[in-house]
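First comes the structure, then the notes that go with it.
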Amino acid sequence: MTTPVVTRFAPSPTGFLHIGGARTALFNWLYARHTGGRMLLRIEDTDRERSTEEAIAAILDGLTWLGIDWDDAPTFQSQRAGRHAEIAHELLESGGAYRCYATAEELAEMRETAKAEGRPPRYDGRWRDRDPSEAPEGAPYVVRLKAPQEGSTVVRDAVQGDVTFPNKDLDDFVILRSDGSPTYMLAVVVDDHDMGVTHVVRGDDHLTNAARQTMIYTALGWDVPTWAHIPLIHGPDGAKLSKRHGALGVEAYRAMGYMPVALRNYLVRLGWSHGDTEIFSTEEMIEWFDLAQIGRSAARFDFAKLENLNGHYIRSSDDDTLLETIDALLPHLETGAELQETLAGPAREQLRQALPGLKERAKTLIDLIESASYIWATRPLAPDEKAAKILDGDARGHLAALADRLDALADWTAAETEAVVRAYAEEAELKLGKVAQPLRCALTGRTTSPPVFDVLETLGREESLARIRDQAG
RNA sequence: GCCCCCAUCGUCUAGCGGUCCAGGACGCCGCCCUCUCACGGCGGAAACAGGGGUUCGAGUCCCCUUGGGGGUGCCA
């Protein structure tokens with residue numbers, strides 16, 4: 001009989017759910033679902049200064065959007081401070097911890113001397129073995145763990161293997177602050193233990209903490225959970241992910257038009273693999289996910305691949321699903337309200353019908369919406385804004401020049417137009433398609449690029465417009 | 001500084017001692033399909049960081065170097 005797996009995702013609500021956190025949550029979720037266990041959610045709001053309600057909402061919203069759910073109500077670490085302190089005092093009584101009266105100045109000095117002497121900056125244990133009677137009367141104190149000084153602590157990690165830390169490198173860290181509040185180190189251990197967490201799946205940056213936490217578990221006589229420290233996600237340049245890169249909240253990805261399935265699929269392949277498989281359904285992910293296949297090296301975030309995946313999911317979504325996805329996205333877009341209104345009318349049906357043709361070339365939902373904008377564009381278009389939206393500045397100029405040439409032909413045919421367009425494109429060293437597409441589509445009566453009418457209208461080419469319409473039948 | 005981790009195409013990765021003159025995917029480049037773009041199809045360039053070992057045999061195991069990253073708080 002094996003204990004059912006309990007994982008947890010424990011974000012600190014000091015910002016949004018960033019991409020790394022999202023993947024950590026995903027891995028925890030997949031592992032729990034794979035094993036038939038549970039995934040719990042714990043909000044680590046111990047740092048009252050930096051924790052905000054908005055951040056909590058953003059995190060829950062982000063998880064939900066990604067399709068990650070959790071079992072039971074979320075635990076709020078801040079509400080468990082009493083329990084944390086209780087354990088700290090237990091440790092104090094059992095001799096596993098001690099009171100330290102060193103002041104901030106002393107600590108700073110300690111660090112500086114250590115640095116100057118080329119030693120690692122660690123607490124020197126000055127109160128470790130001192131008699132409590134020596135304590136300054138009524139002075140504030142912190143509680144430090146009486147960490148073993150000899151030997152080593154081994155973190156048995158499901159991803160990293162056994163990682164050994166010499167105990168002499170780990171000092172007597174603080175577990176209870178002078179104001180009686182617990183530090184992260186203590187709080188995590190107590191919470192994970194109380195919540196019955198069996199597997200701690202989190203970022204690589206916590207590996208050293210795992211050693212310290214192991215010490216707490218040991219001092220308490222508790223079972224150490226299975227660790228799984230997953231490699232971090234880096235920016236495209238290999239440096240730690242920052243705002244500069246993709247360390248945006250997941251809501252930013254939503255706003256950029258990425259579908260949750262696509263982001264999830266992208267994320268799961270960052271650091272984890274199942275042979276050569278690239279596309280996973282949710283069921284497949286759950287079925288195949290395992291800690292053993294998680295890689296050990298950091299991965300770089302690559303927008304191009306995400307985009308490709310997104311395009312894949314847009315193409316393979318059926319029209320109704322796509323429509324629903326767009327509906328869900330609209331509230332999160334700046335111009336969404338307007339569009340929502342539009343799509344409540346007949347434009348909705350037009351959009352649905354245009355979708356099969358449109359979705360073939362869209363990389364994001366934003367692309368999709370923009371390429372469909374001819375449906376609800378107000379006519380005649382305001383020259384500068386709307387036209388620019390449809391064609392960029394250069395293309396617009398080229399189109400005008402092209403229209404000039406076409407007008408110069410007395411009675412042009414599709415073939416002639418083709419020739420003129422080709423010649424022009426060659427002279428202007430243009431990608432043929434960019435300029436020619438709208439015209440050619442119009443000539444053949446294709447509607448894949450309806451903007452041509454709008455553009456010609458905008459350019460005031462009434463004559464050209466009439467001809468094209470004629471030609472197109 | 002000290003401790004820890006990592007290291008296969010530009011990127012994500014497969015590879016768990018021989019079947020690897022290293023496979024897939026994205027991106028890139030050609031060609032095909034085609035009224036354009038896209039989709040799709042076909043093909044191509046592109047990697048085991050370097051050096052020592054171990055072994056009959058190393059991308060795969062060990063060590064060193066180099067290069068990345070993380071940690072080193074009364075933050076989490």
*Is the phosphate of C39(B), meaning OP1 or OP2, less than 4.0 Å from a side-chain N or O of Lys363(A)?*
yes

For A7(B), the nucleotide meeting Watson-Crick or G-U wobble distances (both under 3.5 Å) is U66(B)

Which of Arg144(A), Arg128(A), Arg122(A), Gln149(A) passes side chain to side chain donor-acceptor pair (under 3.5 Å) with Asp172(A)? Answer is Arg128(A)

Open item on the list: Does either side chain, that of Asn310(A) or that of Thr364(A), offer a donor lying less than 3.5 Å from an acceptor on the other one?
Closed with: no

Roughly how many Å apart are C62(B) and U19(B), using the C1' atom of each and rounding to a whole number? 25 Å

Result for side-chain contact (heavy atoms from CB on, under 4.5 Å) between Val268(A) and one of Leu30(A), Leu263(A), Thr282(A) points to Leu30(A)

**Asked** NA contact type, Arg269(A), heavy-atom cut-off 4.0 Å: base, sugar-phosphate, or nothing?
**Response** base

Testing A25(B), G71(B), U13(B) for proximity to the side chain of Glu278(A), the answer is A25(B)

When you check the gap from the basic side-chain N to the acidic O, do Glu360(A) and Arg315(A) get nearer than 4.0 Å?
no

Rounded to whole Å, CZ of Phe165(A) lies from C1' of G71(B) at a distance of 8 Å

field: Spacing of the C1' atoms in C5(B) and A47(B) (rounded, Å)
entry: 22 Å

Any side-chain N or O of Thr183(A) under 4.0 Å from OP1/OP2 of C74(B)?
-> no

Checklist entry - Is it true that Tyr31(A) and His199(A) have ring centroids separated by less than 6.0 Å? => result yes

Regarding the side chain of His206(A), the nearest nucleotide among G10(B), A76(B), U13(B) is A76(B)

Across every strand shown, the nucleotide meeting Watson-Crick or G-U wobble geometry with G1(B) (both distances under 3.5 Å) is U72(B)

ask   = Is Ser181(A) touching bases, backbone alone, or none of the nucleic acid, heavy atoms closer than 4.0 Å?
value = nothing

When you compare G51(B) with C56(B), how far apart are their P atoms, in angstrom units rounded to a whole number? 23 Å

Winner on side-chain proximity to Gln160(A), out of G73(B), C6(B), U13(B), is C6(B)

Mind checking the P distance from G53(B) to A46(B)? Whole angstroms is fine. 30 Å

Considering only heavy side-chain atoms of Val142(A), the closest of C6(B), C74(B), C4(B) is C74(B)

Checking N1-N3 plus N6-O4 or O6-N4 for Watson-Crick, or N1-O2 and O6-N3 for wobble, each under 3.5 Å, the partner of C33(B) is none

Looking only at C6(B), U11(B), A25(B), the nucleotide nearest the Arg300(A) side chain is U11(B)

| task | For nucleotides G59(B) and A14(B), find the distance between their C1' atoms and express it as a whole number of Å. | result | 12 Å

Query raised in the report: Just checking Asn209(A): base, sugar-phosphate only, or nothing, at a heavy-atom cut-off of under 4.0 Å?
Result: base

Determine the interatomic distance between C1' on C9(B) and the same-named atom on A22(B); round to the nearest Å.
10 Å

Using a 4.0 Å heavy-atom cut-off, does Arg202(A) contact any base of the nucleic acid, only the sugar-phosphate backbone, or nothing at all? nothing

| message | So for Ser178(A) and C74(B), does any side-chain atom that can act as donor or acceptor lie under 3.5 Å from a complementary atom in the base? | response | yes

Can you confirm whether or not the ring centre of Phe27(A) sits under 6.0 Å from the ring centre of His34(A)?
no

Among C4(B), G10(B), C74(B), the one nearest any side-chain atom of Leu107(A) is C74(B)

From CG of Asn265(A) across to P of G24(B) the rounded distance in Å is 19 Å

Requested in this report: Using a 4.0 Å heavy-atom cut-off across all strands, classify Ala102(A) as base, sugar-phosphate, or nothing.
Outcome: base

Out of G71(B), G10(B), G73(B), minimum distance to the side chain of Asp302(A) belongs to G10(B)

Taken to the nearest whole Å, CD1/Ile233(A) to C1'/C6(B) is 16 Å

Can you tell me whether the side chain of Asp205(A) and the base of G71(B) have a donor-acceptor pair closer than 3.5 Å? no

message = Please give the distance between the P atoms of G27(B) and A38(B) as a whole number of Å.
response = 12 Å

Separation of G10(B) atom P from Asn308(A) atom CG, nearest Å, is 19 Å

Original post:
How about Phe280(A) and Tyr313(A): are their ring centroids closer than 6.0 Å?
Top reply: no

Per side-chain contact (heavy atoms from CB on, under 4.5 Å), Met215(A) is matched among Leu220(A), Val189(A), Thr153(A) by Thr153(A)

Of the candidates G40(B), G24(B), C5(B), the side chain of Arg315(A) sits closest to G40(B)

Looking only at C2(B), C4(B), G24(B), the nucleotide nearest the Asp169(A) side chain is C2(B)

When we call it a touch if two heavy atoms are under 4.0 Å apart, what does Gly311(A) touch: a base, just sugar-phosphate, or nothing? nothing

When rounded to whole Å, the NZ to P distance for the pair Lys168(A) and C4(B) reads 8 Å

**Request:** Sticking with atom C1', work out how far C12(B) lies from C4(B), rounded to a whole angstrom.
**Result:** 25 Å

From the candidates C5(B), U13(B), G71(B), the one with an atom nearest any side-chain atom of Asp204(A) is C5(B)

To the nearest angstrom, the CG-C1' distance between Asp171(A) and G73(B) comes to 10 Å

Under 4.0 Å, counting only non-hydrogen atoms across every strand here, what does Leu176(A) touch: a base, just sugar-phosphate, or nothing? nothing

Between CZ of Phe301(A) and C1' of G10(B) the distance, given in whole Å, is 17 Å

**Message:** Please classify the nucleic acid contact of His229(A) as base, sugar-phosphate, or nothing, using heavy-atom distances under 4.0 Å.
**Reply:** nothing

Whole-Å distance, Lys359(A) NZ to G40(B) P, equals 13 Å

